[in-house]
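Quick notes on the structure that follows.
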Amino acid sequence: MTVRIERLVTSGQFTLDGGTWDVENNVWIVGDEREVIVIDAAHDAEAIARAVDDRRLTAIVCTHAHNDHVNAAPELAERTGATIWLHPDDLPLWKMTHPHRDPDRHLLDGQVIEAAGADLTVIHTPGHAPGAVCLYDPALGTVFTGDTLFRGGPGATGRTYSHFPTIIESIRDRLLTLPPETKVLTGHGDPTTIGAEAPHLEEWIRRGH
């Protein structure tokens, strides 16, 4: 069975450091007709469960723990029996949203999450958040970057737990080394490719300082 990638856009609010913003998030569903994983359970567990439909949801993988990426994860896990995965460096952020529910498993750099023929390698890319990760599948020619890399530059680093030099280092050393044709599927907004973003690194550094 062919692995496919589906995008569901959900709407809600991102809250941190006393501010609140309306946001739309990309929820990625990866798998086949029988089994899938969800990358970033944002805002609306019911809508995500509807999109999963009667397929088996094995894992909810969090690219990082900002509330808009994890707020629907416990309810979705409860509905489906799926396991929630998060990098341990993001536990302080996770606890801001879910103080009484821990993730089920820790993501580790280099480990492979398997689902229905997809093999997603975890790449630890701190900067936007300490435990931010990207998920790369060479066979799909795709990397899921969460809020680390967008079309047009790195994710925001102006808030608590984020750091601009660190995100630049993560992008330069861990993402821009991927093949240029690699599709970049982001946490918000439209996709891009590694090759489209790589030439702009120095420009981002100048802009960010």
Side-chain angles (χ1 to χ4, degrees), residues 1-7 25-32 34-42 48 52 55-66 69-70 72-74 76-77 80-95 97-98 101-149 154-155 161-163 166-179 181-187 191 194:
M1 279 179 277
T2 314
V3 177
R4 63 179 191 258
I5 299 168
E6 301 157 41
R7 175 167 78 161
N25 286 59
N26 294 326
V27 178
W28 299 102
I29 301 169
V30 184
D32 59 20
R34 292 184 189 167
E35 181 183 289
V36 293
I37 67 165
V38 160
I39 299 170
D40 287 347
I48 301 168
V52 169
R55 295 173 291 181
R56 179 169 175 253
L57 178 59
T58 57
I60 300 163
V61 184
C62 308
T63 61
H64 63 294
H66 283 150
H69 290 256
V70 301
L76 185 63
T80 60
T83 303
I84 300 172
W85 294 76
L86 178 76
H87 193 282
D89 289 356
D90 256 21
L91 280 171
L93 277 168
W94 170 274
K95 288 293 190 185
T97 307
H98 302 301
R101 164 66 154 98
D102 286 339
D104 302 302
R105 296 282 187 83
H106 287 167
L107 292 169
L108 300 171
D109 186 61
Q111 86 181 95
V112 177
I113 305 284
E114 297 175 19
D119 293 315
L120 296 163
T121 299
V122 176
I123 306 172
H124 183 209
T125 51
H128 179 70
V133 301
C134 298
L135 302 161
Y136 174 53
D137 188 327
L140 293 174
T142 299
V143 61
F144 299 90
T145 57
D147 287 2
T148 294
L149 178 63
Y161 294 106
S162 63
H163 189 241
T166 303
I167 201 172
I168 288 294
E169 190 178 308
S170 291
I171 292 170
R172 183 187 64 221
D173 298 348
R174 309 301 310 273
L175 296 180
L176 299 187
T177 53
L178 299 176
E181 66 276 10
T182 305
K183 284 181 296 215
V184 175
L185 300 184
T186 56
I194 292 295

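Only heavy atoms go into these numbers, but all of them, side chains included; no hydrogens, no water, no symmetry mates.
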Between Ile171 and Thr125, is there a side-chain heavy-atom distance shorter than 4.5 Å? no
Search all heavy atoms of Val3 against all heavy atoms of Ala116 and return the closest pair with its distance. CG2-O, 3.2 Å
Return yes if some donor-acceptor pair links the side-chain N/O of Asp40 with the main-chain N/O of Val27 below 3.5 Å, else return no. no
Is the shortest side-chain heavy-atom distance between Ile29 and Arg55 below 4.5 Å? yes
d(Thr97 OG1, His66 NE2) to nearest 0.5 Å is 9.0 Å
Tell me if a side-chain donor or acceptor on Ser170 pairs with a main-chain N or O of Pro126 at a distance below 3.5 Å. yes
Per side chain to side chain contact (heavy atoms under 4.5 Å, CB included), Val36 is matched among Val30, Thr80, Val52 by Val52
Looking at Ala77 and Arg101, what are the two nearest heavy atoms and their distance? CB-NH2, 3.7 Å
Look up atom CG in Asp137 and atom CD1 in Ile5, then write down how far apart they are to the nearest 0.5 Å. 7.5 Å
Roughly how far, to the nearest 0.5 Å, is the OH atom of Tyr136 from the OG1 atom of Thr182? 4.5 Å
Quick one: are Ile194 and Pro179 in side-chain contact, heavy atoms under 4.5 Å? no
For Ala115 and Thr58, the nearest pair of non-hydrogen atoms, with its separation, is CB-OG1, 4.5 Å
Do the side chain of Asn26 and the main chain of Thr186 share a donor and acceptor less than 3.5 angstrom apart? yes
Any chance you could measure Glu114, atom CD, to Thr121, atom OG1, to the nearest 0.5 Å? 10.0 Å
Taking all atoms of both residues into account, what is the closest heavy-atom pair of Leu93 and Ala129, and its distance? CD1-CB, 3.8 Å
Euclidean distance, Arg7 CZ relative to Asn25 CG, rounded to 0.5 Å: 11.5 Å
Sorted by chain and number, sequence neighbours left out, ring-ring contact (aromatic ring centres under 6.0 Å, His included) with His87 holds for His124
4.5 Å side-chain heavy-atom contact, His64 and Tyr161: no
Can you name the salt bridge (Lys or Arg N to Asp or Glu O under 4.0 Å) partners of Asp109, sequence neighbours left out? Arg174
Contact check, side chains of Thr148 and Ile167, non-hydrogen atoms, under 4.5 Å: yes
Indicate yes or no: at least one non-hydrogen side-chain atom of Leu135 is less than 4.5 angstrom from one of Trp28. no
After noting the C-alpha distance and the side-chain angles of Thr145 and Thr63, does the key distance pass the side-chain contact (heavy atoms from CB on, under 4.5 Å) rule? CA-CA 7 Å; Thr145 57; Thr63 61; over 6 Å; no
Could you walk me through whether Leu108 and Val122 pass the side-chain contact (heavy atoms from CB on, under 4.5 Å) check? CA-CA 7 Å; Leu108 300 171; Val122 176; over 6 Å; no
Distance check, rounded to the nearest 0.5 Å: Leu76 atom CG versus Ile60 atom CD1? 4.0 Å
Side chains of Asp147 and His69 in contact at under 4.5 Å (non-hydrogen atoms): yes
Restricting to salt bridge (Lys or Arg N to Asp or Glu O under 4.0 Å), what partner residues turn up for Arg56, sequence neighbours left out? Glu35
Do His98 side-chain atoms and Val70 backbone N/O form a donor-acceptor pair below 3.5 Å? yes
So which heavy atom on Ala42 is nearest to which on Ala72, and how close? C-CB, 4.0 Å
Closest non-hydrogen atom pair, Cys62 against Leu107: O-CD1, 3.7 Å
Return yes if some donor-acceptor pair links the side-chain N/O of Asp90 with the main-chain N/O of Ala65 below 3.5 Å, else return no. yes
Leu120 side chain reached by Ile37 side chain, heavy atoms, under 4.5 Å: yes
